[in-house]
Amino acid sequence: MKFAKSSLFLALFGGLSFSAFADVHVYGKANVTVQSSDDGDESFTEVKSNASRIGFKGSEKLREGLEAVYKFEFQVNVSDDSKDTFTSRNQYVGLQGSFGQLVIGRNDTALKQSQGKLDLFNDLEGDIKNLFKGDIKNLFKGDNRLSDTVTYSSNDFNGLKVLATYVAEKDSEGENGYSLALTYGDSGLKKSKLYASIAADSEVNGYDVIRASLQGKVADIKLGAMYQKQEKVDGTGEADGYLVNAAYTLNSNTFKLQYQTIDFKDGDNNSAISVGVDHSLSKNTTLFAFYTNFDMDSNVDQDYLGVGMEYKF
């Protein structure tokens, strides 16, 4: 099995030209937590790998103003040998030029990309996508990474960018789907102190979604908010949700607070609150701690307390 996976990597890169391979950029992160988890049925201690990943991306100049681009990204499970070590993340090939970028393959939809870095507990228990209701996972719809997609990203025009995703029928529950977004500013809040976006999904993964996101920075404080309206393509499952958060940086520490809730037309309300602190050891290394509580109308509440480390490369 290990040999087969090694052969896969060799095969992937064997298909690239020497010049493209010479420009390859290897990146990734390891994010691991030790946490006390109460899922409503039992309490236990566990070690979790939180979307740890490794990726390979690069480009090759074809002619003046036109480049071929590619990305192969894999999620790596570094804590549980009972699961597959590698699973697929964004993987695509495309062209980039004065028109923007056009890629084909597996990719985050325009709506998911439009969120930027708003979610302060991304990939942890408090991630917006982890809110659930009974057997229904991911109550906040729209955080989709889908295959069979074509994605367009425009170049920056005075801070504005347009994102668009076409989802082929095979990966959109029998219908062609479309995801569109308009963004303003820098999602990392480094080049600008404001980031805003409006996005919509039409028949993507069985849902129609409208999402508006806003994040701003004042001195050492970051404030964020998100509103979402969603329903199934058949008109059922209508819901409204929102998220608000704040982060305050003091020296090497960032203190975080986030609240998210979603109200269904049938009367159910589900929410989560998370608090945490990140301690930066270096540009690439962070120690962190968090606590998340899920408050469910129709289910037993859940609690998670964890400490962890993230290393980026």
Side-chain angles (χ1 to χ4, degrees), residues 25-39 43-55 73-80 89 112-113 115-131 140 143 185-195 213-226 243-261 271-295 301-313:
H25 172 60
V26 181
Y27 67 95
K29 73 174 184 178
N31 185 308
V32 181
T33 51
V34 179
Q35 59 188 61
S36 174
S37 303
D38 183 349
D39 64 4
S43 298
F44 49 90
T45 302
E46 59 180 328
V47 176
K48 291 193 67 176
S49 176
N50 304 296
S52 299
R53 67 199 67 166
I54 185 169
E73 186 174 288
F74 302 86
Q75 185 161 310
V76 184
N77 192 316
V78 299
S79 66
D80 189 347
R89 289 178 60 87
K112 182 178 181 181
Q113 292 183 50
Q115 180 181 304
K117 298 181 180 180
L118 177 65
D119 191 343
L120 298 180
F121 292 86
N122 188 48
D123 296 331
L124 301 177
E125 299 294 348
D127 191 315
I128 186 173
K129 69 176 180 287
N130 287 337
L131 196 59
F140 277 88
D143 276 16
D186 169 30
S187 62
L189 299 180
K190 295 179 180 179
K191 298 179 181 178
S192 65
K193 295 185 180 297
L194 178 70
Y195 177 77
S213 303
L214 180 66
Q215 191 174 35
K217 185 176 182 180
V218 180
D220 296 321
I221 300 175
K222 287 198 299 186
L223 299 173
M226 188 189 84
L243 172 150
V244 291
N245 60 30
Y248 172 63
T249 299
L250 178 64
N251 299 323
S252 298
N253 301 301
T254 300
F255 302 91
K256 306 184 297 184
L257 173 65
Q258 180 163 292
Y259 176 77
Q260 60 211 50
T261 185
S271 61
I273 187 167
S274 299
V275 294
V277 59
D278 296 346
H279 177 70
S280 177
L281 294 176
S282 70
K283 181 180 178 181
N284 298 322
T285 307
T286 302
L287 300 179
F288 61 90
F290 71 89
Y291 169 74
T292 294
N293 170 261
F294 291 100
D295 183 6
D301 293 353
Q302 299 187 3
D303 295 274
Y304 299 90
L305 177 65
V307 294
M309 175 177 174
E310 179 175 86
Y311 178 74
K312 296 180 179 180
F313 59 91

If every non-hydrogen atom of [X] is compared with every non-hydrogen atom of [Y], which pair is closest and at what distance?
X	Y	answer
Q113	Y195	O-OH, 4.2 Å
F294	A272	CD2-CB, 3.6 Å
F288	V32	CZ-O, 4.3 Å
Y259	S271	OH-CB, 3.6 Å
Q115	S213	CA-OG, 4.2 Å
A246	L120	O-CD1, 3.5 Å

Do [X] and [Y] have side chains that approach each other closer than 4.5 Å (heavy atoms only, starting at C-beta)?
X	Y	value
T292	L124	no
N77	Q75	no
L257	I273	yes
K117	N122	no
L214	L194	yes
N130	F121	no
V218	L223	no

According to side-chain hydrogen bond (donor to acceptor under 3.5 Å, both in side chains), who are the partners of [X], at least two apart in sequence or on a separate chain?
X	result
K217	none
K29	D123, E310
D119	Q258
D127	K129

Quick check for you: to the nearest 0.5 Å, what is the distance between [X] atom [atom1] and [Y] atom [atom2]?
X	Y	atom1	atom2	result
K283	K312	NZ	NZ	10.5 Å
Q35	D303	CD	CG	12.0 Å
T286	Y311	OG1	OH	11.5 Å
S43	Y304	OG	OH	10.0 Å

Any chance the side chains of [X] and [Y] put a donor and an acceptor closer than 3.5 Å?
X	Y	value
Q302	E125	no
S49	S79	no
T249	T254	yes

F140 and L243: CA distance, side-chain angles, deciding distance, side chain to side chain contact (heavy atoms under 4.5 Å, CB included) verdict
CA-CA 10 Å; F140 277 88; L243 172 150; 5.5 Å; no
[X] side chain vs [Y] backbone, donor-acceptor pair below 3.5 Å:
X	Y	value
N284	F313	no
N251	N253	no
N31	A51	no

Taking salt bridge (Lys or Arg N to Asp or Glu O under 4.0 Å) as the test, write out the residues that go with K256, two or more places apart.
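In terms of salt bridge (Lys or Arg N to Asp or Glu O under 4.0 Å), with neighbours along the sequence ignored, K256 is linked to D278.
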Return the set of residues passing side-chain contact (heavy atoms from CB on, under 4.5 Å) with S36 (not counting sequence neighbours), or none when no residue passes.
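Per chain and number, S36 pairs via side-chain contact (heavy atoms from CB on, under 4.5 Å) with no residue.
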Go through the steps for Y291 and N293 under the test side chain to side chain contact (heavy atoms under 4.5 Å, CB included), then give the verdict.
CA-CA 7 Å; Y291 169 74; N293 170 261; 3.7 Å; yes
